[in-house]
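Structure, as structure tokens:
None of the values given here were measured: they were computed from a predicted structure. Reminder, nothing fancy here: chain letters follow the sequence lines and each chain counts from 1.
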Amino acid sequence: MESQYHPQAIEPAVQKEWAATNAFRAPDASPKPKYYCVSMLPYPSGKLHMGHVRNYTINDVLYHFMRMKGWNVLMPMGWDAFGLPAENAAMANGVPPAKWTWDNIAYMKKQCQSMGWAIDWTRELATCSPDYYRWNQWFFLRLWEKGLVYKKTGVVNWDPVDMTVLANEQVIDGRGWRTGALVEKREIPTWNLRITQYADELLDSLDGLGWPEQVKQMQRNWIGRSSGVEFVLPYAPETAMRMGDGRAGLKVFTTRADTIMGITFAAVAAEHALAAEAAKGNGDVAAFIEECRQGGVQEAELATLEKKGVPTGLFVLHPVSGDKVEVWVGNYVLMGYGEGAVMAVPGHDERDFAFAKKYCLPIKPVVDVDIPYSTDEWKPAYAQYGRNVNSGNKFAALDGSDYAQAVDKVVAFLEKAGIEARRRVTYRLRDWGISRQRYWGTPIPIIQCTKCGDVGVPDAQLPVVLPENLVPDGSGNPLAKTPTFFEVKCPKCGGQARRETDTMDVFIDSSWYYMRYACPGAKAMVDERAQYWLPLDIYIGGIEHAILHLLYARFWTKAMRDLGLIKVDEPFANLLTQGMVLNHIYSRRNAKGGIEYFAPDEVEVAHDEEGKVTGARLKSDGSAIDYEGIGTMSKSKRNGVDPQEMIDRYGADTARFYVMQANPPTDTVLWSDESVEGSFKFLRRLWTMVHAHVEAGAVENRGQTPSAEDRGLTPELKELRFKLHKTIAKVDDDYGRRLQFNTAIAAVRELLNLYGDVKDASPVARAVAQEVLEDAVLLLAPIVPHICTALWAELRPGTRLIDQPWPAVDANALVQDTIELVVQVNGKLRGHIRVAPSASREVIEAAALKDETVLKFLKGAKPKKIVVVPGRLVNVVA
RNA sequence: GCCGGGAUGGCGGAAUUGGUAGACGCACGGGACUCAAAAUCCCGCGGUGGCAACACCAUGGGGGUUCGAUUCCCCCUCCCGGCACCA
């Protein structure tokens, strides 16, 4: 056996053997139970980064573990190949997005292979290939037939200089990232999917999923089902004349109908029809609406704006008192939620309160909130439910009601008064707008005919193929400038028509790729092989996908089910959300006001004594740049770390071991490679241990190791076997249930530390050593499969690691004569006692009360109480 | 702003159901081996006091529940993720 550990020789040889034997090819039928484990597919940005290494190594550990446990395991891989970065790269280098993307895929695939991940490459897919995206188009048309697709006006970010729609990511502090121009809102026609039709099911079926509770909670809050009352605030007479829209008043929605007597004003969004009417002949309102048009559409930006508004001079009537109530235009009212209009109750709503304070509008508390009410300052308690008070003489019957009673009474009152009112369930969730005014995506299969309207592309003409040779220039969608693409005949009337040039949101691509892995080459969207593999037994990916991607994929699955394509209700039975890998971010504003990012290794950083960054300059020319703090590794911010250097220097096993031993998979981590050396040293030590054992001569009697009954073991060897079998149980639990790999590695390190302490060359000891080393190799195999494959071949010549089952725990090895208990006084550690595992409470108490330190702390007094926790501790309360 | 999460030695982390705080590593210090270096091995390593035995303090800050709190509850600070066109 080679005395030195040479990963550069071992790893390619092991990988070659795997490839030659199709080791990771998963059959679509098997007597074994199936286990389908998938990681979120990567965007082919150019190179793998440490987040990928973490993600796919976690998946790989589960692959090997479950395979050793006897499952038919599938781990596939693919490429989320459409999207914005390819267009940005094209603008920067003049290379078409297709070429850039395919080159990146080729390079990253090589990197994946050099990591040794157990991927079944026969199922690889790229979402930018027509074979894949044709089914996006086909399914879009099916949804359209079912009425789940519709067209409506949407609001987007508009860069007035580049004359182009900007993604939210491309808006930095309200300005276009390339031009530095102030961004505006612009309304355009968009295609939408009716995800809200599935809102209830998406909410209710969360309960049965094996997902982290935090993710389920985020999805619940995102869907945001709330029940409330929708009613009409009747227009005051002169307002009714002006509006003349056929409606008797302003429709509002509220979840707090019980506070109706606290209405002191009403507010509408700037885009509301009433605001437009008010702007006629009112310069202030018109100017305010114009002001609201400035800036982008991101909710985070809108929600942090200072609350502002103007009075419209239009009035509604309080539905109970009949008092005139003025309507304001407010920038905090969202057109996209409810009706774009709210009844304002500053007494019990925080945003209304802030608005009222700013514009000196009356604040009228009408619910008893248990604490004294002061209009000086908002307190969260003001928004609590409580008994109604101060309802006035027209509705005195409301006083004393609790929330539920109050809502009942209000609805009954409004109906009796002839005011349109109904209970309604609303959702925070909005329909899914899928139109993108971009080139590198799935073409939307619609043809716009002046005579026939929007016509679906006939199935026989699918896919609508995206031309692959265009290069975007930053101004608009190149497809819209390519007549060979958009000039078409109408499939219905044969007349001249125009092809839709918007493409689909890339979240569509990632909503069902894991089904297509299951049935490569299928002649339909999916076939029966998908039914065999679905649902995923575990889905692994970044916590940043907790809402959007996971919600869209769930919706898409349910829609496919309802079209009879699959039978599952949910795609992901279990979910492991990986924490983000963060790194420092450096940027600089360019002359135009756009933004430019720099990689951490291009930057020299100055720190203060506490390690805080005080300044940064470019290594190349010494110019000052901005430090933006830490954030997720991403292509656009140029702060990703390529694992290649680590692989070249130490090998893939060290890289895999390092990322798995450093932190639990769910933890967010700031990238550091400080202790990589330690990981490599451990693998080298493992190699040395096996080498020393093997060179001392083969041990044949593995499997006939003296068990506890045979009593052939010294106490030291018995302890070693105890530790071994404890470790097997611990690692099994960590891999299989806890999904926490750093503690599994620590346990194996402890085992090998103890093994290293045993200096015994007797035949019995050599047999135990064989058992320990074999099992340690099996326990580590899922994490570092290359070195373990090589070591196994030395420990058991003629057999292959990949065929081995997971090691079994020997219950006999876990039998102990005595156990140690902790002795506490008042909850503080004061000593230890050794007792038989079966020791009674009385025996334990007596032993504790004989302990000298315990007696010292008791100072002769009798203990007040003694708490015994079996198997753990005894606590004497003084 | 709203939703979700996090904070433990110089650093990464452990403590799984309320039961020994700091496992296992990294870095560092000391020693052995060596002509020397590398590699390897051994010892030490939260703070304060003490020769030591040991004692006290300590899990972002403040309060509470409990025989016992890193763990549960309330309040606060800072950081991370998401907020619908980054993926």
Side-chain angles (χ1 to χ4, degrees), chain A residues 40-43 45 80 82-85 154 156-157 165-171 212 214-215 217-218 220-222 224 297-305 307 332 336 350-351 428-438 505-507 510 542-549 551-552 579-580 582 629-632 634-637 661-664 666-670 672 674-679 681-682 684-685 688 733-734 737-738 740 742-743 745-750 753 756 820-830 832 853 863-867 869 872-873 875-878:
Chain A
M40 292 178 189
L41 82 180
Y43 179 79
S45 57
D80 192 12
F82 275 139
L84 198 53
V156 293
N157 305 301
V165 175
L166 296 179
N168 283 337
E169 191 192 47
Q170 299 172 314
V171 179
Q214 70 184 79
V215 176
Q217 194 55 42
M218 280 191 264
R220 284 186 196 110
N221 293 342
W222 183 263
V297 299
Q298 299 171 73
E299 169 156 341
E301 186 190 327
L302 297 173
T304 46
L305 285 176
K307 284 172 191 55
Y332 71 103
E350 186 173 4
R351 287 165 311 169
R428 212 187 71 93
L429 179 68
R430 308 201 293 261
D431 277 336
W432 179 8
I434 60 146
S435 295
R436 299 292 179 270
Q437 298 67 49
R438 270 196 265 292
D505 182 2
V506 294
F507 274 125
S510 54
I543 183 69
E544 77 274 22
H545 294 296
I547 296 174
L548 293 180
H549 161 57
L551 192 65
Y552 291 141
M580 309 297 326
L582 311 177
I630 54 177
T632 313
S634 79
K635 176 82 182 170
S636 63
K637 296 195 171 149
Q661 66 99 45
N663 352 69
T666 51
D667 276 18
T668 299
V669 299
L670 176 58
S672 155
E674 254 181 25
S675 59
V676 178
E677 185 77 25
S679 295
K681 282 182 184 172
F682 172 77
R684 190 162 57 191
R685 184 159 160 255
T688 308
D733 189 45
D734 279 350
R737 180 183 64 89
R738 296 218 300 154
Q740 185 158 313
N742 56 328
T743 47
I745 288 172
V748 177
R749 280 186 187 264
E750 281 186 56
N753 286 347
E820 191 178 66
L821 296 186
V822 162
V823 180
Q824 296 181 335
V825 177
N826 294 333
K828 284 202 173 182
L829 174 69
R830 296 300 176 192
H832 297 91
T853 315
K864 284 186 192 141
K865 184 174 164 188
I866 302 180
V867 180
V869 181
R872 292 208 100 112
L873 59 77
N875 184 19
V876 179
V877 183

Protein N or O to nucleotides 67-74 of chain B N or O, pairs below 3.5 Å:
residue	atom	partner	partner atom	Å
C67(B)	O2	Asn875(A)	ND2	2.3

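In this structure, Arg685(A) reaches the C41(B) phosphate: one of its side-chain N or O atoms is under 4.0 Å from OP1 or OP2. Under 4.0 angstrom from either OP1 or OP2 of C54(B) there lies no side-chain N or O belonging to Arg830(A). Contact annotation: Asn168(A) reaches the phosphate of A84(B) (side-chain N/O to OP1 or OP2, under 4.0 Å). Between Asn221(A) and the phosphate of C2(B), there is no side-chain N or O to OP1/OP2 separation shorter than 4.0 Å. The side chain of Asn742(A) places no N or O atom within less than 4.0 Å of a non-bridging phosphate oxygen (OP1 or OP2) of G12(B).
Note on Leu84(A): only backbone sugar-phosphate atoms sit closer than 4.0 angstrom, heavy atoms only; bases stay farther off. Within 4.0 Å of Asp734(A), counting heavy atoms only, lies no atom of the nucleic acid at all. Heavy atoms of His832(A) sit under 4.0 angstrom from at least one base atom. At the heavy-atom level, Pro42(A) lies nowhere under 4.0 Å from the strands shown. Residue Phe507(A) is classed as a base contact, given a heavy-atom separation below 4.0 Å to a base.
In this structure, a donor-acceptor pair under 3.5 Å is present between the side chains of Asp734(A) and Thr743(A).
The residue among Thr304(A) and Glu750(A) whose nearest nucleotide of RNA chain B is located toward the 5' end is Thr304(A). Each of Gly83(A) and Arg428(A) was assigned the nucleotide of RNA chain B with the nearest heavy atom; the assignment lying further toward the 5' end belongs to Arg428(A).
Sparse packing is recorded around CD of Glu674(A), with 12 or fewer heavy atoms of other residues, nucleotides or ligands lying under 6.0 Å away.
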Test log, rule side chain to side chain contact (heavy atoms under 4.5 Å, CB included), inputs Met218(A) and Ile543(A)
CA-CA 11 Å; Met218(A) 280 191 264; Ile543(A) 183 69; 4.1 Å; yes

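Counting only Watson-Crick and G-U wobble pairs whose two key distances fall under 3.5 Å, RNA chain B forms stems of three or more stacked pairs at B:1-7 with B:77-83, B:10-12 with B:24-26, B:28-32 with B:40-44, B:46-49 with B:54-57, B:60-64 with B:72-76.
Atom C1' of U48(B) sits at a distance of 40 Å from the matching atom of A38(B), rounded to the whole Å.
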